[in-house]
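First up is the structure itself, then whatever we jot down about it.
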Amino acid sequence: GWFRLCLFICSGSGKAAPGACRICAVDLAEGVAVNDVRALEALIGTTVGDDLDAYRLRMVNRQIAVLRERSSFYQCLLAGYPLSLRSLDELAQLPFTTADDLRGQESAFCCVPASAVQRIVTLRSSGSSGAAKRLMFSAADLERTVAFFAAGMQCMAGPGERVMIFMPATQDGISDLLRRGLCRFGAVPYIYGPVTDMADAIRACSDFQPDCMVGLPSQMRQLSLLAPSIAPRTLLLSADYIAESLCDMIRRQWNCEIFRH
């Protein structure tokens, strides 16, 4: 049920959470629910109180109020539903947001003035001739993403370790935000970009000697087969389907710990 409003709930309002979602109480570094109240307070830097579910419910209701106030889409979608939830179980009664809802009406989702939009991401489904889906991000949204990356990447790299990023390099894009997150705890990032020339990528790895790598599953698979000597300590696979057989093959080649996103 948390996925229903995940994009909006996790962004919330107020201070960005350095290590956990303020609503779902999920430790971003571990990827599991935090059920110890004091541990959660340490992660998000705010007082929760003694009742974790009550805290979650307050945050959910606060976010629903923000959506009703600022988003014309949610004003219509949530019309006829209670203004607030009495329990977390009632979250399951709220309607889903679908991919079709996003097509051509991104402005209706926006909860900030157009002048506050810093980045727009366009998503096109393969084989589809329909309207593209667009997501808008404010500077605060991007900052929360950097904080998310800074927390999560510490599972894969430490201060001084080298992280090689094989993802698209655009301003405020995933590689840029990941680079900024890595710098926050002293890791050394290098944005290579998607692999278009395997020989060149192998040379770059040989020169940089990465402790951690981030890339597309198919490209990292091919790279591991062609250059087993690269052998990063950790590998983050992202942005595509990740088969267990692919992970097994890469582990055999590189003997590395694999993370999936």
Side-chain angles (χ1 to χ4, degrees), residues 1-17 20-28 31 33-35 37 40 43-148 172 177:
W2 292 110
F3 187 70
R4 295 166 189 269
L5 295 174
C6 175
L7 178 63
F8 302 95
I9 288 173
C10 289
S11 62
S13 59
K15 178 183 174 183
C21 166
R22 299 171 70 92
I23 305 299
C24 304
V26 171
D27 184 337
L28 303 185
V34 177
N35 292 310
V37 174
L40 175 61
L43 281 168
I44 67 177
T46 192
T47 301
V48 172
D50 292 330
D51 189 334
L52 185 54
D53 281 344
Y55 169 80
R56 287 171 170 148
L57 182 61
R58 288 197 305 273
M59 295 294 100
V60 169
N61 280 328
R62 186 178 73 173
Q63 191 60 31
I64 290 174
V66 170
L67 296 176
R68 287 181 182 274
E69 176 187 352
R70 301 181 185 177
S71 165
S72 60
F73 173 83
Y74 279 101
Q75 287 169 5
C76 295
L77 185 70
L78 299 178
Y81 289 89
L83 294 177
S84 63
L85 306 179
R86 293 170 297 180
S87 72
L88 293 176
D89 291 338
E90 291 184 358
L91 186 61
Q93 299 173 15
L94 297 182
F96 279 98
T97 302
T98 69
D100 286 338
D101 290 329
L102 284 169
R103 298 185 194 278
Q105 55 174 344
E106 57 274 4
S107 296
F109 279 85
C110 200
C111 293
V112 297
S115 60
V117 175
Q118 183 162 327
R119 177 171 170 78
I120 299 176
V121 175
T122 300
L123 304 172
R124 292 185 173 86
S125 301
S126 59
S128 174
S129 59
K133 302 181 290 292
R134 292 184 175 85
L135 299 174
M136 297 182 177
F137 298 88
S138 68
D141 293 327
L142 298 178
E143 165 57 28
R144 279 185 285 267
T145 305
V146 173
F148 179 95
D172 290 330
L177 299 176

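Only this structure's heavy atoms are used, side chains among them; waters, hydrogens and symmetry mates stay out. Sequence positions, counted from 1, serve as the residue numbers for this chain.
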One should read off an interatomic distance between L77 CG and S72 OG, to the nearest 0.5 angstrom, of 11.0 Å
Q. F109 vs Y74 aromatic rings, parallel, tilted or perpendicular, using cut-offs 30° and 60°?
A. perpendicular
In terms of heavy-atom contacts, P82 and R68 come closest through O-NH2, 2.8 Å
Distance col, row S71:OG vs L78:CG, nearest 0.5 angstrom, shows 8.5 Å
Rounding to 0.5 Å, atoms CG (D172) and CG (L177) come to a distance of 6.0 Å
Taken to the nearest 0.5 Å, the spacing of R103 CZ from K133 NZ works out to 4.0 Å
**Prompt:** Considering only heavy atoms from C-beta outward, does the side chain of F137 approach that of R144 to under 4.5 Å?
**Reply:** no
message = Determine whether L91 and L88 satisfy the following criterion, side-chain contact (heavy atoms from CB on, under 4.5 Å), listing intermediate values before the conclusion.
response = CA-CA 6 Å; L91 186 61; L88 293 176; 5.7 Å; no
- Message: Keeping N61 on the side-chain end and R58 on the backbone end, is there a donor-acceptor pair under 3.5 Å?
- Response: no
inquiry  = Checking the side chain of R134 only, and the main-chain atoms of E106 only, is there a donor and an acceptor separated by less than 3.5 Å?
reply    = no
For residues 77-86, the salt bridge (charged side-chain N to carboxylate O under 4.0 Å, His left out) pairs (sequence neighbours left out) are R86-E90
All heavy atoms of D101 vs all of T98, minimum pair found to be OD2-N, 2.8 Å
Q: Under the side-chain contact (heavy atoms from CB on, under 4.5 Å) rule, what do T97 and F73 come out as? Steps first, then yes or no, please.
A: CA-CA 10 Å; T97 302; F73 173 83; 4.3 Å; yes
Donor-acceptor check, side chain of Q118 to backbone of S138, threshold 3.5 angstrom: yes or no? no
Answer yes or no: is there a side-chain heavy-atom contact under 4.5 Å between S84 and I64? no
Verdict with supporting geometry, E69 and V66, side-chain contact (heavy atoms from CB on, under 4.5 Å): CA-CA 5 Å; E69 176 187 352; V66 170; 5.5 Å; no
